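Just so you know, these numbers come straight off a predicted model, no measurement behind them.
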Amino acid sequence: MRTIMIMAAGALVIAGAMQLTKANAEEPIQRTDLVQNDIDVPGHEAVQVRVDFAPGASAPKHHHPGEEIAYVIQGALEYQLDGQKPVTLKAGQSLFIPTGVAHSARNVGDGKASELATYIVTKGSPLVVPVK
């Protein structure tokens with residue numbers, strides 16, 4: 001009886017994990033935090049994240065409290081920086097986004113698109129600041 005109860009509890013845990021994975025997989029944009037560390041510049045830190053975009057997904061206009069370097073890992077992403085024409089980057093290409101410049105990104109390819117975003121930002125500030 002005890003073995004059956006342990007197996008049943010294990011099955012419930014696995015089923016719950018599968019539901020969480022499925023729910024996360026259905027999100028149009030997924031962000032995975034990779035590194036967050038102090039740097040030698042007082043009051044600043046380096047942050048690196050992976051951002052995965054489902055087909056057609058877009059990140060609304062926002063800015064950061066520091067510089068961003070966006071490197072496209074796979075797919076094609078269109079970036080729109082305030083005051084500039086849109087630019088489409090494919091895997092292996094990168095873009096520098098200056099401090100405080102409002103921008104958006106959109107998956108313009110047929111499949112999933114992913115970027116590696118590296119930030120040098122003011123420590124303790126929100127990483128993403130939405131623009132209305």
Side-chain angles (χ1 to χ4, degrees):
M1 181 70 167
R2 181 181 168 123
T3 303
I4 292 172
M5 289 179 67
I6 291 171
M7 289 176 63
L12 286 173
V13 169
I14 291 170
M18 289 174 65
Q19 287 298 322
L20 285 175
T21 301
K22 183 178 177 185
N24 288 340
E26 293 173 3
E27 294 295 321
I29 296 179
Q30 294 181 337
R31 183 178 129 182
T32 305
D33 296 337
L34 302 172
V35 174
Q36 182 174 6
N37 207 76
D38 290 347
I39 59 174
D40 289 340
V41 178
H44 290 76
E45 64 184 350
V47 178
Q48 193 170 61
V49 302
R50 177 184 174 125
V51 185
D52 296 300
F53 295 77
S58 62
K61 190 181 271 192
H62 62 280
H63 65 85
H64 307 285
E67 291 89 4
E68 174 185 0
I69 299 170
Y71 174 79
V72 179
I73 299 169
Q74 74 178 64
L77 291 167
E78 179 186 81
Y79 295 88
Q80 175 65 63
L81 279 66
D82 273 357
Q84 298 183 26
K85 291 182 180 181
V87 61
T88 299
L89 302 181
K90 295 181 180 177
Q93 296 180 307
S94 57
L95 174 70
F96 178 82
I97 304 171
T99 301
V101 172
H103 59 282
S104 61
R106 178 170 65 101
N107 181 350
V108 293
D110 295 332
K112 181 173 119 176
S114 302
E115 75 170 8
L116 180 65
T118 303
Y119 308 93
I120 303 297
V121 293
T122 304
K123 188 174 180 172
S125 296
L127 183 60
V128 178
V129 180
V131 174
K132 296 179 184 191

From CA spacing to verdict: side-chain contact (heavy atoms from CB on, under 4.5 Å), Tyr71, Thr118: CA-CA 8 Å; Tyr71 174 79; Thr118 303; over 6 Å; no
side-chain contact (heavy atoms from CB on, under 4.5 Å) between Glu45 and Val121, intermediate numbers included: CA-CA 6 Å; Glu45 64 184 350; Val121 293; 4.0 Å; yes
Criterion side-chain contact (heavy atoms from CB on, under 4.5 Å) on Asp82 and Lys61, from CA distance to verdict: CA-CA 9 Å; Asp82 273 357; Lys61 190 181 271 192; 2.9 Å; yes
Check against side-chain contact (heavy atoms from CB on, under 4.5 Å), Asp33 and Arg31: CA-CA 6 Å; Asp33 296 337; Arg31 183 178 129 182; 2.9 Å; yes
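Formation of a donor-acceptor pair under 3.5 Å by the Asn107 side chain with backbone atoms of Ala57 is not found in this model.
Applying the side chain to side chain contact (heavy atoms under 4.5 Å, CB included) test to His44 and every residue at least two apart in sequence or in another chain returns Ile39, Val41, Thr122. The side chain to side chain donor-acceptor pair (under 3.5 Å) test applied to Thr99 returns Glu67, not counting sequence neighbours.
When all heavy atoms of Leu81 and Phe96 are compared, the closest pair comes out as CD2-O, 4.3 Å. What you find for Gln74 and Lys112 is that their closest heavy atoms are NE2-O, 3.3 Å. Pro60 and Ser104 get closest at one heavy-atom pair: C-CB, 4.1 Å.
Val49 and Val72 fall within the same hydrophobic cluster, where Ile, Leu, Val, Met, Phe, Trp and Tyr residues are linked whenever their side-chain heavy atoms come under 4.5 Å apart, directly or through other members. No continuous path of ILVMFWY side-chain contacts below 4.5 Å connects Phe53 to Val108, so the two sit in separate hydrophobic clusters. Hydrophobic clustering of Ile, Leu, Val, Met, Phe, Trp and Tyr side chains at less than 4.5 Å, counting indirect connections, keeps Ile73 apart from Leu89. The cluster map of Ile, Leu, Val, Met, Phe, Trp and Tyr, joined by side-chain heavy atoms under 4.5 Å apart, puts Val128 and Leu77 in the same cluster.
Salt bridge annotation for Glu78-Arg106: present, with a cationic side-chain nitrogen under 4.0 angstrom from a carboxylate oxygen.
Identified under the ring-ring contact (aromatic ring centres under 6.0 Å, His included) test for residues 106-132, with sequence neighbours left out: His64-Tyr119.
Summarising the geometry, atom CD belonging to Glu115 is positioned 3.5 Å from atom OH belonging to Tyr79; distances are rounded to the nearest 0.5 Å. Taken to the nearest 0.5 Å, the CZ atom of Arg50 stands 8.5 Å off from the CG atom of Leu34.
Side-chain atoms of His103 and His63 form no donor-acceptor pair, as typed in the model, at a separation below 3.5 Å.
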